[in-house]
Amino acid sequence: MNINDLINKIRGKKSEPVLGVDITNESIIITQLKKTKTGIELETLITCNTPQNSIRDGEIIDTGSVAQAIQELLETNQITTKKAITTVSGQAVIIRTVQFPAMNVKELKEVVLHEAERYIPFPIEEVNIDFQILEEIEDEGINKIEVLLVAAQKQFVNSYVETFMISGLTLIGVDVASFAVSRALTSETSGIIGSDAPTVLILIRGETTDINVFNNGIPKFSRSIPIGTTSFIETIASNLNVSLEEAISLFDKVIVPIAGQNVSDEPMVEMASNEIRTNLRELTTEIQRSLEYYQSQGTEQIQRLIISGRGAKMKNLDKHLSMNLGLDVEVGNPINDIQFDLVKYPTEYLIENAPVFVASIGLAKRGLEGF
């Protein structure tokens with residue numbers, strides 16, 4: 001059963017504006033784009049902090065507080081658009097690429113739904129399932145269909161449905177965060193995710209880090225690990241005995257230690273940068289294990305890795321990962337091909353926070369597609 005069908009999505013005209021609303025335990029980011037004769041323009045980009053303790057393990061447990069924060073954000077910025085699309089991510093979402101014998105679409109749907117429980121670590125009655133045909137392939141002389149299978153826990157999805165209902169927005173779609181990221185980083189001019197060699201997208205934010213490998217724009221591997229920016233922030237707060245607010249401020253300034261370089265001239269920032277070494281080592285190890293597993297399947301050699309999310313703002317993280325993984329690593333920038341008002345959105349602000357805005361921008365791009 002299609003996830004979007006389950007939330008009674010209402011299909012609007014393609015010209016109707018749609019908000020991309022990205023919600024994590026850290027922030028709520030709302031983006032709206034519009035098409036112009038010269039390309040895509042940033043119409044709206046607004047953000048606020050997520051109410052504390054309102055999200056746990058990716059689930060909105062205080063739907064009223066989050067809905068109120070969304071309402072206030074829209075009212076303060078005089079946003080009247082009512083249709084929205086949001087993301088789900090983390091360990092409550094399962095993404096698998098599965099091969100089935102070639103068959104017609106009707107038969108395939110029955111087979112996929114019947115076989116899905118083999119690939120999902122949750123009771124089948126507790127998840128919403130969707131799938132998409134990726135490509136037809138030949139394996140040992142047998143024609144097969146490669147299918148992307150996506151499953152999300154109902155309880156998890158329902159918490160978002162309820163939140164949007166309370167906020168007064170009409171939720172017309174639910175996307176997977178990693179797919180929104182890939183859409184944000186793909187453009188007609190750069191074609192980042194459409195490259196021939198496998199590209200790894202690492203989304204580091206909130207309570208998790210999502211690792212996804214794309215080849216020719218097709219998702220080939222997915223894994224979510226329970227280490228995100230929250231882990232780093234909590235370590236700073238605990239080890240330096242500072243408040244959560246102070247820890248967040250310090251995290252946004254940390255510099256990943258690189259051999260031969262001074263960390264920081266600010267004592268507290270230097271201490272915070274040193275305290276996150278264990279978190280950084282654990283994150284790097286898990287990323288490396290994931291990539292080694294993918295490569296062990298006899299696939300093409302990975303050459304490129306793109307990091308995004310709040311964690312990607314850590315200075316030197318790209319250099320650290322490049323040295324430890326032996327790959328070209330870059331920070332994702334979803335605003336390369338987007339026009340914007342320099343007065344309303346200063347270039348420096350957008351560039352600095354581009355990795356954080358990536359999922360919301362990807363959602364807004366999907367909104368332009370009109371479903």
Side-chain angles (χ1 to χ4, degrees), residues 14 16-24 26-36 38-50 70 73-74 77 79 81 83-90 160 164 169 171-194 199-206 209-210 212 214 217 219 228-229 306-313 330-342 344-371:
K14 290 187 178 182
E16 291 183 6
V18 177
L19 300 173
V21 184
D22 184 36
I23 304 173
T24 69
E26 298 172 329
S27 61
I28 300 169
I29 304 171
I30 301 177
T31 303
Q32 183 179 326
L33 303 174
K34 69 177 182 180
K35 288 184 178 180
T36 67
T38 56
I40 296 176
E41 183 177 329
L42 180 61
E43 177 81 1
T44 300
L45 199 162
I46 51 179
T47 180
C48 69
N49 293 329
T50 304
I70 293 174
L73 191 58
L74 295 173
N77 292 275
I79 306 301
T81 302
K83 295 184 184 297
I85 178 173
T86 193
T87 59
V88 290
S89 62
Y160 284 79
F164 278 81
L169 291 177
L171 189 60
I172 64 171
V174 179
D175 204 354
V176 177
S178 58
F179 298 166
V181 171
S182 70
R183 189 181 299 107
L185 299 179
T186 303
S187 69
E188 293 181 0
T189 56
S190 63
I192 289 177
I193 309 304
T199 299
V200 185
L201 299 186
I202 308 287
L203 180 61
I204 310 166
R205 62 179 194 169
T209 291
D210 292 342
N212 292 271
F214 288 79
T229 49
I306 304 175
I307 56 175
S308 61
R310 190 173 191 169
K313 290 181 64 179
E330 61 189 85
V331 179
N333 184 358
I335 64 170
N336 274 333
D337 296 304
I338 295 178
Q339 303 164 14
F340 52 89
D341 185 329
L342 291 173
K344 190 176 181 181
Y345 302 108
T347 303
E348 184 178 351
Y349 168 75
L350 287 181
I351 292 177
E352 180 184 353
N353 293 284
V356 182
F357 299 149
V358 63
S360 182
I361 289 175
L363 291 173
K365 276 191 172 182
R366 181 176 170 183
L368 290 180
E369 296 170 3
F371 294 87

| query | Roughly how far, to the nearest 0.5 Å, is CG of L185 from CG of N336? | reply | 9.0 Å
| said: Donor-acceptor pair, distance only, cut-off 3.5 Å: does the side chain of T81 make one with the backbone of K83? | reply: no
| For the residue pair G39 and Q339, what are the closest heavy atoms and their distance? | N-NE2, 3.8 Å
| note | Nearest heavy-atom approach of A359 to A180 is O-CB, 3.6 Å
| Passes side-chain contact (heavy atoms from CB on, under 4.5 Å), I306 versus T199? Steps please. | CA-CA 8 Å; I306 304 175; T199 299; 4.0 Å; yes
| query | So do L73 and C48 actually touch side chain to side chain, heavy atoms under 4.5 Å? | reply | yes
| So how far is it from K344 NZ to L350 CG, rounded to the nearest 0.5 Å? | 11.5 Å
| query | What's the verdict on salt bridge (charged side-chain N to carboxylate O under 4.0 Å, His left out) for D175 and R183, showing C-alpha distance, side-chain angles and the deciding distance? | reply | CA-CA 11 Å; D175 204 354; R183 189 181 299 107; 3.0 Å; yes
| said: If the test is side-chain contact (heavy atoms from CB on, under 4.5 Å), which one of I85, T86, L169 qualifies with L19? | reply: L169
| request: Give, for atom CZ of F357 and atom CD of E352, the distance between the pair rounded to the nearest 0.5 Å. | output: 9.0 Å
| request: Apply side-chain contact (heavy atoms from CB on, under 4.5 Å) to L33 and E43, showing your working. | output: CA-CA 5 Å; L33 303 174; E43 177 81 1; 6.0 Å; no
| request: To the nearest 0.5 Å, tell me how far Q32 CD sits from I46 CD1. | output: 9.5 Å
| field | Atom pair NZ/OG1 of K365 and T186 - distance to nearest 0.5 Å | value | 7.0 Å
| query | Any side-chain donor paired with an acceptor under 3.5 Å for D210 and S178? | reply | no
| Are side-chain heavy atoms of S89 and R205 found at a separation under 4.5 Å? | yes
| Do N353 and K313 have side-chain heavy atoms sitting under 4.5 Å apart? | yes
| Candidates I204, L203, V331 - the one meeting side-chain contact (heavy atoms from CB on, under 4.5 Å) with S308 | L203
| query | Can you tell me how far the CD1 atom of I40 sits from the CZ atom of F340, to the nearest 0.5 Å? | reply | 14.0 Å
| message | Applying the side-chain contact (heavy atoms from CB on, under 4.5 Å) criterion to I23, which one of I29, I70, I30 satisfies it? | response | I70
| Are L363 and T31 close enough, and set up right, to give a side-chain contact (heavy atoms from CB on, under 4.5 Å), and what steps lead you there? | CA-CA 8 Å; L363 291 173; T31 303; over 6 Å; no
| query | Between V174 and Y160, is any pair of side-chain heavy atoms under 4.5 Å apart? | reply | no
| request: Classify the angle between the aromatic ring planes of F214 and F179 as parallel (below 30°), tilted (30 to 60°) or perpendicular (above 60°). | output: perpendicular
| said: Has N333 got a side-chain atom pairing as donor or acceptor with I335's backbone, closer than 3.5 angstrom? | reply: yes
| query | For V176 and T87, what are the C-alpha separation, side-chain angles and deciding distance, and is it a side-chain contact (heavy atoms from CB on, under 4.5 Å)? | reply | CA-CA 5 Å; V176 177; T87 59; over 6 Å; no
| remark: What one should report as the nearest heavy-atom pair of T209 and G228 is OG1-CA, 4.1 Å
